[in-house]
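To start, the structure itself, in structure tokens.
Quick note: numbers below take in every heavy atom, side chains included, and nothing from hydrogens, waters or symmetry partners. Here is how names work: the chains are called A, B, and so on, in the same order as the sequence lines, proteins then strands, and each is numbered from 1.
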4 protein chains.
Amino acid sequence: MADLLTTVDDQQLADRFDATRRLTEVLAAPLSAEDQTVQSMPDVSPTKWHRAHTSWFFETFLLVPSLPGYEVFHPDFGFLFNSYYEGVGARYPRADRGLVSRPGIVEVADYRRHVDAAMTDLLGRGPDPVTASLVELGIQHEQQHQELLLMDIKHVLSRNPMLPAYGPRGPQPPGRAEQPTWTTHPGGTVPVGHAGGEFGFDNEFPRHLVHLEAFDLADRTATCGEWLAFMDDGGYRRPELWLADGWATVTAEGWDAPLYWSSREDGWHEFTLAGDSRVDPDRPVSHISYYEADAFARWAGGRLPTESEWEVATLARSATFGTAGNLLDTAALHPAPVSGPTSAPFGDVWQWTASAYSPYPGFAPAAGAVGEYNGKFMVNQYVLRGGSCVTPVDHVRATYRNFFPPSARWAVAGLRLARNA
Amino acid sequence: MADLLTTVDDQQLADRFDATRRLTEVLAAPLSAEDQTVQSMPDVSPTKWHRAHTSWFFETFLLVPSLPGYEVFHPDFGFLFNSYYEGVGARYPRADRGLVSRPGIVEVADYRRHVDAAMTDLLGRGPDPVTASLVELGIQHEQQHQELLLMDIKHVLSRNPMLPAYGPRGPQPPGRAEQPTWTTHPGGTVPVGHAGGEFGFDNEFPRHLVHLEAFDLADRTATCGEWLAFMDDGGYRRPELWLADGWATVTAEGWDAPLYWSSREDGWHEFTLAGDSRVDPDRPVSHISYYEADAFARWAGGRLPTESEWEVATLARSATFGTAGNLLDTAALHPAPVSGPTSAPFGDVWQWTASAYSPYPGFAPAAGAVGEYNGKFMVNQYVLRGGSCVTPVDHVRATYRNFFPPSARWAVAGLRLARNA
Amino acid sequence: MADLLTTVDDQQLADRFDATRRLTEVLAAPLSAEDQTVQSMPDVSPTKWHRAHTSWFFETFLLVPSLPGYEVFHPDFGFLFNSYYEGVGARYPRADRGLVSRPGIVEVADYRRHVDAAMTDLLGRGPDPVTASLVELGIQHEQQHQELLLMDIKHVLSRNPMLPAYGPRGPQPPGRAEQPTWTTHPGGTVPVGHAGGEFGFDNEFPRHLVHLEAFDLADRTATCGEWLAFMDDGGYRRPELWLADGWATVTAEGWDAPLYWSSREDGWHEFTLAGDSRVDPDRPVSHISYYEADAFARWAGGRLPTESEWEVATLARSATFGTAGNLLDTAALHPAPVSGPTSAPFGDVWQWTASAYSPYPGFAPAAGAVGEYNGKFMVNQYVLRGGSCVTPVDHVRATYRNFFPPSARWAVAGLRLARNA
Amino acid sequence: MADLLTTVDDQQLADRFDATRRLTEVLAAPLSAEDQTVQSMPDVSPTKWHRAHTSWFFETFLLVPSLPGYEVFHPDFGFLFNSYYEGVGARYPRADRGLVSRPGIVEVADYRRHVDAAMTDLLGRGPDPVTASLVELGIQHEQQHQELLLMDIKHVLSRNPMLPAYGPRGPQPPGRAEQPTWTTHPGGTVPVGHAGGEFGFDNEFPRHLVHLEAFDLADRTATCGEWLAFMDDGGYRRPELWLADGWATVTAEGWDAPLYWSSREDGWHEFTLAGDSRVDPDRPVSHISYYEADAFARWAGGRLPTESEWEVATLARSATFGTAGNLLDTAALHPAPVSGPTSAPFGDVWQWTASAYSPYPGFAPAAGAVGEYNGKFMVNQYVLRGGSCVTPVDHVRATYRNFFPPSARWAVAGLRLARNA
């Protein structure tokens with residue numbers, strides 16, 4: 001996982017740990033005990049499970065092996081809150097997480113405090129580089145679950161016919177999307193992947209060369225307005241636009257719009273974390289699958305970029321932009337309207353790429369159970385880049401590889417078009 | 001449903017209403033918000049759903065049509081808390097009740113108070129006989145859901161690997177089961193069904209004649225000790241003992257013991273509302289399906305009684321016993337040990353009969369949506385008689401017809417043997 | 001199974017054996033090797049499987065135990081062609097019978113000849129009464145499979161978009177259905193079940209008393225014309241007409257007409273053994289489930305008769321009619337038009353009754369594997385009476401109990417209305 | 001699909017057409033009508049379907065558009081024998097191909113003769129380059145179905161408990177596998193993909209540059225003996241060796257050996273086209289999924305090669321070897337024993353690569369329905385290279401991209417190890 005050579009300042013690490021742990025609780029705070037218990041589909045986990053699992057991660061990979069005298073909070077929590085680490089032992093079935101009412105949110109809060117106190121102790125002892133690196137991994141891991149917590153509760157609340165809100169609508173900047181412009185990249189044999197020096201997940205390493213043909217990348221993500229045009233043009237009814245598996249999914253699932261969209265008398269609405277909302281044509285489209293992104297790109301006369309194309313083009317552009325964007329820190333919790341012909345490379349929506357999620361040449365997972373973090377998922381998934389409005393702001397970078405199966409729609413995911421130059 | 005000729009004293013009815021509504025809340029009180037939200041399988045409903053649905057029943061069938069000026073508590077609750085009344089309108093899918101976090105338990109309590117206040121108003125106006133009869137039906141309906149609430153939460157808690165208890169163990173009378181004795185009934189053409197004069201569900205009417213051959217009925221229910229002997233004799237591995245559909249179910253589900261039983265180093269345990277417990281050979285066996293009851297009876301050289309046999313034999317015996325037994329009022333919440341060769345005809349466990357659930361000759365459901373109460377379920381189910389340790393004490397009688405599909409195991413159901421005389 | 005006291009004439013038995021075996025081959029003759037191989041759903045068996053299985057029955061229950069020196073035709077056929085006899089041993093999965101291309105029809109014909117020759121030998125030795133009784137059972141068993149063969153191939157051919165015919169259309173007598181008349185039966189405590197003296201299946205015994213209220217039974221079966229009226233009146237769209245499980249099935253399966261019916265520009269068509277045909281309003285409706293029969297009866301203001309009602313009413317009427325009717329010997333292979341207000345009690349279509357398939361009081365299956373013939377299926381099924389246009393003529397009688405699950409539609413099954421007198 | 005610039009000699013094309021069509025019939029000849037009708041799983045098609053579908057391909061894409069006055073053989077065959085071309089129209093469901101008994105094999109043979117005669121006419125007219133290119137595509141297409149025919153009938157026959165043979169065992173050269181040797185490739189920015197000048201499928205184009213790190217590729221495929229060592233070392237029981245989806249599949253399916261392997265008293269056997277056979281440790285392992293190939297490689301301390309690595313290494317080596325190998329022309333129909341430390345790059349078994357099946361940069365499918373040939377399947381599949389013992393000898397080349405989902409096991413697929421240099 002982490003690049004072990006990183007120099008970590010102990011106090012900075014402890015501060016980051018505290019801030020991250022606190023943010024999780026802030027995100028869960030608007031949710032009732034009942035809200036935090038429900039699992040609306042196997043991909044979704046209950047809020048209280050996220051709160052407990054992230055604590056289990058620190059307990060299992062840091063406190064038990066590295067803090068002398070540490071006692072686990074509860075002997076059954078290892079079974080209940082292990083997500084997928086075969087090397088750690090047996091675990092409760094993922095699809096049944098919503099059947100477990102106890103521990104409730106009060107006991108989960110106790111668990112978090114127990115772990116936090118012990119971690120403070122551990123961090124105060126001046127952790128060695130390997131330990132510090134695992135703490136950093138635990139922080140990054142918890143940030144991933146912050147995004148999952150919001151994705152998941154959105155799905156949970158969407159299943160309620162009353163369409164209740166997670167919270168009030170965030171700041172609503174005005175905006176009006178214009179025709180996108182394109183930036184051309186000349187291609188060549190270029191380096192991709194994490195350059196080291198700061199934290200990166202193991203799947204971003206090693207940095208390596210790829211050969212690219214020249215290509216164009218759109219300067220903004222596709223909007224809901226463009227998606228409505230795709231729908232109006234029979235996008236969900238024309239098999240020639242779709243991959244075979246995509247068309248089979250459209251047919252079997254009856255898809256005729258992005259997830260969370262519904263047709264009403266006054267037009268299309270979408271469910272948001274602030275409840276029901278009219279679809280805004282100027283915002284980036286989100287909650288689409290890879291299949292839909294691919295079909296839309298074909299309809300639009302373009303294609304999805306590969307992850308390498310996205311990365312080299314974005315790194316060029318980010319020299320100007322950094323990773324600023326509509327990320328979790330904006331508190332918008334929803335894609336913001338595009339203003340003009342461009343949008344930030346980061347934020348708003350994750351962007352599906354045309355790249356199947358595979359190991360980079362020379363990839364080697366870490367030893368031990370923590371090595372299960374990324375590598376074993378490198379099949380049947382596609383890479384997404386860029387971060388979304390529910391991604392923690394200090395969690396994303398140009399080399400970051402997010403991934404979902406091509407049928408998944410509950411991530412805040414959209415697309416940016418590419419084409420051959 | 002109800003026999004409309006019953007003379008109902010208004011104050012008695014109001015008192016029964018109050019007591020019944022209060023009991024539901026007492027039964028739910030030990031359960032956290034999280035506990036009350038979970039649905040562990042499609043047959044199970046969340047506790048808070050039971051609390052809301054029983055209120056919806058009064059709101060829909062009494063308050064809206066009969067209380068001038070009544071306003072429904074929430075416009076969406078009709079959709080959320082209708083169970084199966086097609087005549088009333090659309091409803092939320094049964095299997096998804098566990099996905100609805102809101103309304104939470106606080107709002108459900110508000111809903112109950114709102115309905116109770118209005119019902120007090122209605123009852124204070126001196127309801128006409130038809131209305132009073134519907135109130136009685138609503139009370140009986142809520143009593144059924146009291147049993148369901150306990151059956152369901154037992155299943156919910158059983159899915160938690162920590163095997164948490166609903167509450168402390170109830171009174172534990174000592175007992176030692178002896179060989180059962182048999183009572184012979186001479187048969188003949190005899191009346192069965194409700195004789196009128198008191199409340200009965202529509203499915204208990206009309207009283208009619210059936211012809212019975214002479215038969216013997218065991219004086220007690222089958223025990224866990226006898227069930228262990230059945231298991232030791234290969235009961236779950238010998239297809240010749242089983243109905244074809246039963247054997248297919250045993251094979252597909254991997255059944256090798258009653259629901260909630262698990263094999264440990266020190267023998268068989270069962271999950272109870274008081275948590276994990278060793279199987280007690282002197283208690284009536286419970287949580288078995290019709291298939292298992294039928295196979296056991298075949299193994300034991302007997303058969304299940306028909307519902308008519310059970311009824312006429314029990315009515316003869318109940319002249320002595322009444323309907324006393326280990327019912328909900330004992331607070332045992334678990335079958336009690338059998339003492340000697342007999343047990344009460346009522347209580348401890350529902351008793352599977354050999355009778356498919358069919359309408360009595362001349363059966364006619366009530367007009368309107370309330371006519372859906374029983375009649376439309378008269379297929380693919382078997383009749384059970386006698387009540388269980390979680391049945392409200394004033395809810396059961398010799399003519400009462402409970403029913404479940406032959407594969408159902410989450411009811412507190414056992415059996416009593418019969419044989420040809 | 002059989003009533004063992006029957007006096008069987010040896011030569012008559014041998015002749016019946018020969019004729020029955022020959023008829024099976026006559027029924028299979030129009031079918032190609034490809035036709036005889038296909039299994040279109042788990043309930044259906046390939047034609048060549050029926051031909052082999054009926055031979056296996058004689059081999060297993062007669063030749064192996066009773067013919068000295070008999071050698072089984074092929075050591076694997078016991079596994080391949082055992083249908084459901086757990087007592088005989090393991091067997092190939094029912095749902096996979098269509099995956100077995102070998103033995104082909106030539107080898108199956110060899111198998112039949114091998115068994116026939118050995119049976120001729122056995123029958124020539126003057127079988128003892130028990131053996132003769134098993135031969136009779138084997139003959140009756142093969143007759144059941146003759147009907148299944150035709151039911152099954154109809155389903156197979158119906159799945160072919162070219163709607164090929166099994167054979168040419170049979171004789172087409174004219175007819176015009178008129179309003180049915182009703183015959184009243186006074187009820188009382190009356191005997192039902194097989195009286196002995198001739199062959200009967202074990203499920204028809206023992207004869208016993210039942211008590212019936214007075215009732216009316218319609219003098220003819222319901223017609224396609226009446227069914228079209230039911231459909232026009234929203235029969236498949238009105239939940240109040242249906243049992244709950246029936247409505248769930250209608251919704252899940254999208255039923256809007258009987259099996260094999262399809263709507264065309266010029267009206268409703270149905271698939272028959274002679275290929276595509278227009279629905280004839282004067283013929284008895286067929287290929288309906290119990291759920292549909294029950295809903296139709298409710299819509300029509302009547303109900304289905306119980307099997308006892310059907311039996312006592314038919315026995316009274318059959319004093320005049322015998323068991324004559326449109327059975328397999330008419331070669332019509334399709335229900336014939338009703339002429340006037342009555343139809344024969346037997347033939348055309350099996351008639352769903354309101355009776356769940358249960359053992360008669362005192363029922364005892366035969367010892368050994370042959371005891372699995374009927375008893376183990378006495379759950380989750382309903383009784384049908386009367387025989388159909390594909391039932392062998394000497395196979396049916398008033399006490400005969402056919403049975404299918406309530407959702408089954410591939411039998412030639414309709415209904416006759418009853419009502420309370 | 002095809003490279004349209006290829007100069008095709010008319011007579012050569014006609015000869016190739018004839019030979020290819022003839023070979024299909026030769027491959028089908030040993031199979032009975034019953035054998036040719038069965039579909040043993042959705043992925044499998046009946047033999048007679050392959051024979052008809054390949055004819056439909058010529059009829060649809062050549063005869064109908066290009067032969068004046070051509071009349072289709074049967075108006076329903078377009079619906080029945082269209083495989084997946086949405087642009088051509090509706091089609092019979094793939095999973096139900098085994099339910100269609102008619103047309104039988106005699107009518108399918110007539111269909112083939114009808115198409116062949118018309119094609120001879122068309123080919124005699126001197127087809128223009130586009131037409132000739134489509135004929136070549138049709139020939140290549142039929143060759144693919146020749147391999148599928150053999151893969152599919154192997155699966156069909158394997159489901160028969162008698163394990164019948166397709167035909168007698170082919171030539172059995174002796175052999176003894178030794179430790180593999182490795183060839184190192186220096187990597188660099190190198191061209192991959194079809195260079196043009198001869199036929200290639202559209203998915204092999206365009207030729208383009210990729211950057212490779214230095215790597216080693218084993219000089220032979222993995223053997224059954226090595227697979228047995230993997231199994232003995234707990235290969236199927238150790239989750240740390242598996243991708244997450246692979247482990248989930250192993251668990252759900254109960255895999256403990258390659259498809260067609262079964263454990264007997266005298267060791268492991270495998271089902272072959274010649275019937276049951278002992279597993280030979282010196283032969284290449286086959287009938288493994290991508291998941292198994294990947295887990296084995298991890299266990300062996302190596303990895304699967306990417307498709308680019310395989311291609312550049314094989315092209316280097318094939319300068320010596322050509323595409324000779326144990327392909328369909330050897331009539332072995334089973335992998336041959338490896339002799340020494342090397343095996344041919346081609347033949348015996350398809351070799352799973354680590355490359356997800358994606359379009360090459362600049363890939364563009366053909367216009368019209370024939371453009372559905374490859375492109376729409378470029379998701380959820382992995383690339384295999386090299387051809388197998390059931391691949392037509394003139395059908396394979398170093399740039400050929402075969403593909404299957406990662407869980408598929410019915411192809412004759414094994415692996416060759418790679419490692420970082």
Side-chain angles (χ1 to χ4, degrees), chain C residues 28 30-44 46-49 51-52 73-82 89-93 95-109 111 152-166 275-276, chain D residues 28 30-44 46-49 51-52 73-82 89-93 95-109 111 152-166 275-276:
Chain C
L31 298 168
S32 69
E34 294 90 336
D35 292 336
Q36 296 198 34
T37 300
V38 172
Q39 176 178 39
S40 50
M41 65 170 173
D43 287 331
V44 159
T47 304
K48 70 185 175 78
W49 186 91
R51 294 170 62 205
F73 181 74
H74 192 294
D76 288 330
F77 282 15
F79 180 73
L80 275 172
F81 298 121
N82 178 2
R91 60 195 182 282
Y92 193 75
D96 293 349
R97 287 176 188 163
L99 307 188
V100 180
S101 60
R102 306 184 196 176
I105 62 169
V106 171
E107 196 174 4
V108 166
Y111 182 33
D152 289 359
I153 198 67
K154 185 173 183 175
H155 193 267
V156 166
L157 296 176
S158 78
R159 299 299 306 272
N160 190 321
M162 302 190 292
L163 299 177
Y166 165 78
D276 179 59
Chain D
L31 298 168
S32 69
E34 295 91 336
D35 292 336
Q36 296 197 33
T37 301
V38 172
Q39 176 178 38
S40 50
M41 66 169 174
D43 288 329
V44 158
T47 304
K48 71 184 175 78
W49 186 91
R51 293 170 61 206
F73 182 73
H74 192 293
D76 288 329
F77 282 16
F79 181 72
L80 275 172
F81 299 120
N82 178 0
R91 59 194 184 281
Y92 194 75
D96 294 348
R97 288 176 186 163
L99 308 188
V100 180
S101 61
R102 305 184 196 177
I105 62 169
V106 170
E107 198 175 3
V108 166
Y111 183 33
D152 288 359
I153 198 67
K154 184 172 183 176
H155 192 266
V156 166
L157 296 175
S158 79
R159 299 298 306 271
N160 190 320
M162 302 191 290
L163 299 178
Y166 165 78
D276 178 61

Any non-hydrogen side-chain atom of His74(C) less than 4.5 Å from a side-chain atom of Phe81(C)? no
Choice from Thr37(D), Asn160(D), Leu99(D) maximising heavy atom contacts with chain C below 4.5 Å: Leu99(D)
With chain C, which of Ala33(D), Pro75(D), Ser32(D) has the greatest number of heavy-atom pairs at distances under 4.5 Å? Ala33(D)
Bottom line for Ile105(D): the part with an atom under 4.5 Å from chain C's heavy atoms is both
Give, as side chain, backbone, both or neither, the part of Ser101(D) having an atom under 4.5 angstrom from any heavy atom of chain C. both
Check whether Asp35(D) gets within reach of chain C through its side chain, its backbone, both or neither, counting any heavy atom under 4.5 Å. both
Roughly how far apart are Leu31(D) CG and Arg102(C) CZ, rounded to 0.5 Å? 6.5 Å
Where does Gln39(D) contact chain C at under 4.5 Å (heavy atoms): side chain, backbone, both or neither? backbone
Contacting moiety of Pro46(D), where chain C heavy atoms sit under 4.5 Å: neither
Is the shortest side-chain heavy-atom distance between Tyr92(D) and Arg159(C) below 4.5 Å? yes
Between Phe73(D) and Glu107(D), is there a side-chain heavy-atom distance shorter than 4.5 Å? yes
Look at Val106(D), Val156(D), Leu80(D) and state which one has the largest set of heavy-atom pairs under 4.5 Å with chain C. Leu80(D)
Rounded to the nearest 0.5 Å, what separates atom CG in Asp152(D) from atom CG in Leu157(D)? 11.0 Å
Over all atoms of both residues, closest heavy-atom pair of Val108(D) and Arg51(D): CG1-CB, 3.7 Å
